Amino acid sequence: MKSRFTHLQLLLCCAAAFSGSAAFGETEGRDKGEFGSDLGFLRSFYTPAAAPDGNHYIEMWKPGPGVKEVTQVCGLTNNRALFVSSHGDAVPTSRGVHYGFRPHQSRVPDRETAPSYSARDLFTLVGPHAATNIHNICISGCNIDGLLKPTELRQFFPNATNVTHIAAGESGFEPMFLQALTLPPGDIRPLFEMAQKTRTGAMAYSLGHTAAPHAVRLPPYIAELFLPGARQPFKIRIAGRDLLDPTADRALKLPE
């Protein structure tokens, strides 16, 4: 995922304090994940659900108000959801290249390589019992290599009927991810990133709703929707709050 903007540029409802994570290598757990990374470090980013229908948060993005604060302030609290805020990487292994969830470099000490984690590692972190209660998985990270596979995630979270993520070949951007979580699909508006050099030569970035010259359009997030037990999605659509909000009409049109 990429972002050069504060949450407040997108949502005025973003508030509350951030509780810091343990430093890399200072966690108690020394068990290793599928890619050889310390699961104790991954655990330091995790906030488990407080109730069976509650939300789980794995927040590996930059320090500051995170997805938990944004969703709670916006009234999303008991949605049987797993939110993962991270970079998305291509990780070479002996079994081929796989999608990896990687923390922002600011969460890792200088000169340390940021670790990557697999879908299996997320399952190990959450635990098998809690994993069966997760119906929505929302992934923020980039998917440039098209390695993010909702079908793989559903092997570990079999009751997840909504997997929200950025499309294959696209970079994920924080402002669009937050829109996908908090706004109805009809209210999600295109955003354009504009870059401009300052007098000191540094680059300054801003967001707008107008396609100015040389502006980069930020792609929307999509939701792949599955029937229980199905191997392939029956529908792919623009992601929006209606898929998470328990007060909304969640009836999905089934395939004929």
Side-chain angles (χ1 to χ4, degrees), residues 1-2 21 24-25 27-46 48 56-61 81-105 107-109 111-172 177 219 221-234 236 239:
M1 182 173 62
K2 299 180 179 180
S21 300
F24 184 42
T27 54
E28 294 181 0
R30 299 296 178 183
D31 44 333
K32 300 298 183 182
E34 189 171 7
F35 303 146
S37 299
D38 180 9
L39 289 179
F41 188 50
L42 177 64
R43 196 170 295 116
S44 71
F45 298 112
Y46 176 49
H56 300 255
Y57 301 90
I58 303 175
E59 302 209 56
M60 296 188 274
W61 196 236
L82 169 64
F83 299 100
V84 184
S85 178
S86 71
H87 283 295
D89 271 348
V91 181
T93 74
S94 60
R95 302 178 308 280
V97 182
H98 292 269
Y99 189 84
F101 302 88
R102 175 172 60 83
H104 191 272
Q105 191 62 42
R107 298 300 193 102
V108 182
R111 295 181 295 279
E112 293 280 0
T113 300
S116 292
Y117 299 95
S118 70
R120 182 187 295 274
D121 295 340
L122 304 188
F123 168 77
T124 300
L125 178 67
V126 170
H129 179 71
T132 62
N133 287 326
I134 291 173
H135 293 178
N136 302 283
I137 301 177
C138 301
I139 306 296
S140 71
C142 296
N143 192 20
I144 295 173
D145 298 293
L147 295 172
L148 179 60
K149 307 295 184 184
T151 52
E152 179 185 5
L153 286 162
R154 294 186 74 251
Q155 291 178 16
F156 303 105
F157 303 93
N159 295 322
T161 53
N162 160 37
V163 182
T164 290
H165 62 94
I166 201 68
E170 298 283 5
S171 296
F177 184 60
Y221 280 72
I222 61 173
E224 297 195 35
L225 307 180
F226 294 81
L227 295 176
R231 292 181 177 272
Q232 299 298 325
F234 72 85
I236 300 176

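As the structure is a prediction and not an experimental result, all values here were calculated from the model.
Pro103 and Ala114 make their closest contact through O-CB, 4.0 Å (heavy atoms, listed as atom of the first residue, atom of the second, distance). Residues Thr93 and Gly96 approach most closely at OG1-O, 2.6 Å, considering heavy atoms. Between Ala81 and Ile134, the shortest heavy-atom contact is C-CG2, 4.4 Å. Between Val97 and Ala90, the shortest heavy-atom contact is CG1-CB, 3.7 Å. Between Gly172 and Cys142, the shortest heavy-atom distance links the atoms N-SG, 3.3 Å. Closest approach of Gly100 and Val91 over heavy atoms only: CA-CG2, 3.8 Å.
Taken to the nearest 0.5 Å, the NE2 atom of His135 stands 14.5 Å off from the CZ atom of Phe226. Rounding to the nearest 0.5 angstrom, the gap separating the OG atom in Ser44 from the CE atom in Met60 is 9.5 Å. Interatomic distance, Leu148 CG to Asp145 CG, rounded to the nearest 0.5 Å: 11.5 Å. In this structure, Ile139 CD1 and Leu82 CG are separated by 6.0 Å, a value rounded to the nearest 0.5 Å. Thr124 contributes atom OG1, which lies 8.5 Å from atom CD of Glu34 (distance to the nearest 0.5 angstrom). Put simply, CG on Asn136 and OG1 on Thr161 are 6.0 Å apart, with the number rounded to the nearest 0.5 Å.
Using a 4.0 Å cut-off between charged side-chain N and carboxylate O, Asp31 and Arg43 make a salt bridge. Under 4.0 Å is where a charged nitrogen must lie from a carboxylate oxygen, and between Lys149 and Glu224 no such pair does.
When side chains are defined from C-beta on, Asp89 does not count as touching Tyr99, because their heavy atoms never get closer than 4.5 Å. At a threshold of 4.5 Å between non-hydrogen side-chain atoms, the residues Ile166 and Pro219 count as touching. Residues Pro128 and Phe123 are in side-chain contact: their nearest non-hydrogen atoms beyond the backbone lie under 4.5 Å apart.
Formation of a donor-acceptor pair under 3.5 Å by the Ser140 side chain with backbone atoms of Ser86 is found in this model. Looking only at distances, a side-chain donor or acceptor of Asn159 sits under 3.5 Å from a matching main-chain atom of Thr132. Listed for the Arg154 side chain is a donor-acceptor partner under 3.5 Å among the backbone atoms of Ala230. Judged purely by atom type and a 3.5 angstrom limit, Arg231 has no side-chain atom pairing as donor or acceptor with the backbone of Thr151. Proximity of a side-chain donor or acceptor of Gln105 to a complementary backbone N or O of Glu112 within less than 3.5 Å is detected. With hydrogens and angles disregarded, no donor-acceptor distance shorter than 3.5 Å links the side chain of Asp121 to the backbone of Leu125.
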Check your understanding: Should Tyr221 and His165 be marked as a side chain to side chain donor-acceptor pair (under 3.5 Å) after you check the CA-CA gap, both sets of side-chain angles, and the distance that decides it?
Key -> CA-CA 5 Å; Tyr221 280 72; His165 62 94; over 6 Å; no

Exercise for review: Step by step, work out the side-chain contact (heavy atoms from CB on, under 4.5 Å) result for Tyr117 and Leu39.
Suggested key: CA-CA 8 Å; Tyr117 299 95; Leu39 289 179; 4.2 Å; yes

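Of the candidates Leu225, Leu153, Ile222, Val163 forms a side chain to side chain contact (heavy atoms under 4.5 Å, CB included) with just one, namely Leu153.
A parallel orientation is assigned to the rings of Phe83 and Tyr57, their planes being inclined by less than 30° (bins at 30° and 60°). By the 30° and 60° cut-offs, the orientation of the rings of Phe35 relative to His98 is tilted.
With a 6.0 Å cutoff to the six-membered ring centre and a 45° limit on the axis angle, Arg107 does not count as a cation-pi contact of Phe45.
There is a side-chain donor-acceptor pair under 3.5 Å between Asn162 and Thr164.
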